[in-house]
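First the structure, in the form of structure tokens, and then the observations on it.
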Number of protein chains: 2
Amino acid sequence: MRYDKGRKDASRSRIMEVAANRFRGDGIAASGLATIMKDAGLTNGAFYPHFQSKADLVRESMASALETQSQQLQQALASGGLELAMAMYLSPEHRDHPQTGCASAALLPEIARQSPETRALYTEKLLTLVHQLAKNLPPRTRDREGVALGVFAALIGALQLARAVEGTELSDCILAAGADAARALIQPRQKHEAS
Amino acid sequence: MRYDKGRKDASRSRIMEVAANRFRGDGIAASGLATIMKDAGLTNGAFYPHFQSKADLVRESMASALETQSQQLQQALASGGLELAMAMYLSPEHRDHPQTGCASAALLPEIARQSPETRALYTEKLLTLVHQLAKNLPPRTRDREGVALGVFAALIGALQLARAVEGTELSDCILAAGADAARALIQPRQKHEAS
DNA sequence: AATATCACATTATGATCATAATGCAATAGT
DNA sequence: ACTATTGCATTATGATCATAATGTGATATT
């Protein structure tokens, strides 16, 4: 190696971090590589030694963001349980900072349009998050994975709605409604036998 | 008027319909005007007599798609109630055809990045949908609007997740989990007094 | 000290982007 | 029949897109 031992790795992680933030903030398709590289303190030409293509960067930075989210979730669960984790997810702070928040809430429809490989990687990381939630559901809950999926879906939808509407008041209402829904879903109660 | 009375209007609606489908299918940022115009049987130049800008087209086609959705929801509610409406929303058919499906599920994160005017228009149409759901909740439901918001959030989140993951089996599971969650949420039951 | 190597910069490519100016052919009003 | 109007096509603009070829300066190895 001619340069510092870890220099390339450092650049690479910087690119990935900048990209993850920009993708979540502005969307994948709307984010150009030139801007990402500039924000990382580099130029156009330095991109391809690090990644094969934009799709490659998307895949890796998405995975990295999801792993970080998994760690943060673990901390929240450890310190305050599901209640705290859900409260943090539907907080105004999270709503107002999509760049550093949940990649699912910021990017799900775009992820659905990515390559099968990217979606397979997303699936893997998603299941990790869902398992983490499932393990922290109340003791007697049935169909833990299913309930956890339903809770996560409600959280994602509520956060997205809160970000999309105009008007802080309504947006706050949506966060509250999402929290109510999530709370209702985790109450242990048997299903599948209505009417 | 020198041309057929309704010719310009016909072209305009064709552009809007094509655009609404393409935006939902490929995303707003990823959809170019040239392609949209070609699909509408016209060329680049014919765009600006009809719309002031791409943002203008986004706003109008989004509103149109939401109004159509509102009508379809009304029909479903009338013929089969909330159960049918929810089942249709989380059906494999809806999952597999985002171009003609729910604009919220296909575009929410991108809508959140649009101008305040566009988001205000989205807010208006969203509230219409939520009111329609609220009116069809079971008789004794409290906080009808809040519950309806929670249900819609869960539906949107589940549909997006089902579209993003790789693997039909898992995707079907997510649809089922979303349906379970929505069903659980519409069971009349008092809230706000846990623990 | 010399040299080989590599991270990154510079610059180039051709496509596509949103937007705009101009041109033309068709028709409605006279 | 003439003419003014207009819906759309043609073509142009400059920006930005992802990707790629080439250049260069710093340094680790020798």
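Throughout, a chain's letter reflects where its sequence line sits, starting with A, and its residues are numbered from 1.
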Legend entry - Nucleotide dT10(D), atom P - distance to CE of Met37(B) in whole Å: 12 Å
Inset, instruction - Rounded off to whole Å, could you give me the CG-to-C1' distance for the Asn44(A) and dT22(D) pair? - result: 14 Å
Inset, instruction - Measure the spacing between CD1 of Ile15(B) and CE of Met37(B) and express it to the nearest 0.5 Å. - result: 4.0 Å
Legend entry - Spacing of Arg14(A) atom CZ relative to dA7(C) atom C1', expressed in whole Å: 11 Å
Inset, instruction - Give a yes/no on whether any side-chain N or O of Tyr48(B) is located under 4.0 angstrom from OP1 or OP2 of dT19(C). - result: yes
Legend entry - Atom pair CD1 (Ile111(B)) and OG1 (Thr118(B)), whose distance is rounded to the nearest 0.5 Å: 9.0 Å
Inset, instruction - Could you walk me through whether Gln69(B) and Tyr89(B) pass side chain to side chain contact (heavy atoms under 4.5 Å, CB included), step by step? - result: CA-CA 11 Å; Gln69(B) 184 178 12; Tyr89(B) 194 95; 4.0 Å; yes
Inset, instruction - Round to a whole Å and report the spacing from CG of Leu42(B) to C1' of dT10(D). - result: 14 Å
Inset, instruction - Rounded to the nearest angstrom, tell me the gap between atom CZ in Phe23(A) and atom P in dC17(D). - result: 12 Å
Legend entry - Distance test, side-chain N/O of Ser11(B) to OP1/OP2 of dC8(D), below 4.0 Å: yes
Legend entry - Nucleotide dA9(D), atom C1' - distance to NZ of Lys38(B) in whole Å: 14 Å
Legend entry - Residue Thr43(B), side-chain atoms from C-beta onward, closest of dC8(C), dT10(D), dA20(D): dT10(D)
Inset, instruction - Going by the side-chain contact (heavy atoms from CB on, under 4.5 Å) test, name the single residue among Met16(A), Arg12(A), Gln52(A), His50(A) that passes it with Leu57(A). - result: Met16(A)
Inset, instruction - Measure from CZ on Phe51(B) to P on dA20(C) and round the result to the nearest Å. - result: 16 Å
Inset, instruction - Test side chain to side chain contact (heavy atoms under 4.5 Å, CB included) on Leu33(B) and Tyr48(B) and set out the steps. - result: CA-CA 10 Å; Leu33(B) 291 183; Tyr48(B) 286 88; 3.8 Å; yes
Inset, instruction - For Gly45(B), answer base if it contacts any base atom (sugar-phosphate contacts may also be present), sugar-phosphate if it contacts only those atoms, and nothing otherwise; contact means non-hydrogen atoms under 4.0 Å. - result: base
Inset, instruction - Take the protein atom CZ of Phe47(A) and the nucleotide atom C1' of dA21(D), then report the distance between them rounded to whole Å. - result: 17 Å
Inset, instruction - Consider the side chain of Ala46(A), meaning its heavy atoms from C-beta on, and name the nucleotide among dA9(C), dC17(C), dC8(D) that approaches it most closely. - result: dA9(C)
Inset, instruction - Would you indicate which nucleotide in dT11(C), dC8(D), dT19(C) comes nearest to any side-chain atom of His50(B)? - result: dC8(D)
Inset, instruction - Between dA18(C), dA18(D), dC17(D), spot the one nearest the side chain of Thr35(A), thanks. - result: dC17(D)
Inset, instruction - Please tell me which of the listed nucleotides, dA9(D), dC17(C), dT19(D), lies nearest to the side chain of Leu33(A)? - result: dT19(D)
